[in-house]
Amino acid sequence: MVRFKNRYMVVQLSNFEDNDLDFKISDKELNLTVLNMIKTLFGDFGVGAIRTCFKVHYCNPSTKIIIFKTRHGPHKFLSSIIPFVNELQGKPIRLSTLYIGASLFQCYKFIQNYQKGLVRKLHKTLTIQTKEKILNVTGVLKFNKFQVYS
Amino acid sequence: MRVPSGYCDLRVEHINANIIDAYVKHGYSLIAVNTTVNCSLLGVSSSNKKKRKIAECNDEVKVNEDKDWIPIPKSTNVCNHHNLKLTILNRLTIQITNIGQLQQTLNARNFPKYNILAVEPLNDHLFQNLVTSPSVDIIICKVKTKITPKDYSVAVDKNIHFELSYAPMLMDSVTRQNTLTLAHMLHIKGKSKNIILTSGAINRLDIRNPYDAMNLGFLLGFSRKQTKESITDCCHSVILKSYGRKLGKSAINLMPIKTTSS
């Protein structure tokens, strides 16, 4: 029996500055900025509705891919405020939605394909190390048998 | 005891003629005046268990006596001519930290004067015990209370209700967020079954029309049927349950009708 549905939102973060190494994403800050944005746009109802089950589920600093987890219902609030999140740690950023899935496994499959496509596109200019870095998507799922698959 | 019907509001903090007038004007047929007792503040002084128990009992009775006599004279004195339209009950809210305090409250001398018993657990693990106890009518949850779906379904089976009150929500932004979060959490855990919507009004301006209160259900994540039930049917079953507790085990209660001979 399905008690309640979840939505997992795969989001790409891009910052405009070149020095990527300094930029570190922390879960808590991301959580706070998104909740503040929801409060300015949807007010108390939006925050109250989404706080029950909102969580930054996964956050990859090298590829800058983030997975937000929400309940089905308030996921509409989240998806509509994502273009408005402009700033993190005082630096301009941009979030763009890549995929909305109902299970983590689907998101995982999507991220894998997405990164493979990225590598294929850029394979002439990349070194082997950066290739491995891009393709490394462990930690999305907590199960070991899926991680071996990658 | 009259069979409950119509719109109910099971939590009013104060009562006076103004408030009763407002309720009658809005078309409510039943209200309950709330008295809150924080059991954790009651004295635990002497080490001897028996002595301590006696002392606690005395303290509690004192507290109850002080507070017990406040609502009853007001509800009887204020407006007798309204009594046909509006039934006024007394409700006791206790905030407890262990399950023994609930037993003490049940044994207290002044407890039978109250109609409804609401319990607010201050610990997490207490919630499980409360859900299975037969004497609780209403459980008040906070955002931080951990509720499991299983506990919720047990509570629904035992005909225990959960409370959401809207008057504190009107004033403050933080409490508004918390109440909305709580309401949505109850929706996740048990699909908003057995929820009653009360006002928790302190003064006259906090009281809302029952239809407006029902429309609040949209914010709180109720279905259309549940919004109506939250202010009528669920409240009736709370009152009937509390009345049944006083009688003991019983199926039918027969009462002679007072015939008015012309």
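Letters A, B, ... mirror the listed sequences (proteins, then strands); counts begin at 1. Keep in mind the model is a prediction, meaning the values are calculated, not measured.
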Original post:
With distance as the sole criterion, is a donor-acceptor pair present between the side chains of A:Ser96 and A:Arg94 under 3.5 Å?
Top reply: no
Original post:
Does B:Ser223 offer a backbone N or O that forms a donor-acceptor pair with the side chain of B:Gln226 under 3.5 Å?
Top reply: yes
Original post:
Taking side chain as C-beta onward, heavy atoms only, is B:Ile116 less than 4.5 Å from B:Leu92?
Top reply: no
Original post:
Any salt bridge between B:Arg245 and B:Asp137, counting N to O under 4.0 Å?
Top reply: yes
Subject >> Residues that A:Arg71 engages under salt bridge (Lys or Arg N to Asp or Glu O under 4.0 Å), provided they are two or more places apart >> reply: none
Original post:
Looking at residues at least two apart in the chain, or sitting in another chain, which of them share a salt bridge (Lys or Arg N to Asp or Glu O under 4.0 Å) with A:Lys28?
Top reply: none
Original post:
What orientation do B:Tyr28 and B:His26 show, parallel under 30°, tilted 30 to 60°, or perpendicular over 60°?
Top reply: perpendicular
**OP:** Output the residues of residues 152-183 of chain B for which the shortest heavy-atom distance to chain A is under 4.5 Å, in residue-number order; output 'none' if no such residue exists.
**Re:** B:Ser173, B:Arg176, B:Gln177, B:Asn178, B:Leu180, B:Thr181
Original post:
Taking it one step at a time, do B:Asp151 and B:Thr148 satisfy side-chain hydrogen bond (donor to acceptor under 3.5 Å, both in side chains)?
Top reply: CA-CA 5 Å; B:Asp151 284 344; B:Thr148 56; 3.1 Å; yes
Original post:
Heavy atoms under 4.5 Å from chain A: which residues of residues 193-220 of chain B carry them?
Top reply: B:Leu219
**OP:** Classify the angle between the aromatic ring planes of A:Phe110 and A:Tyr99 as parallel (below 30°), tilted (30 to 60°) or perpendicular (above 60°).
**Re:** parallel
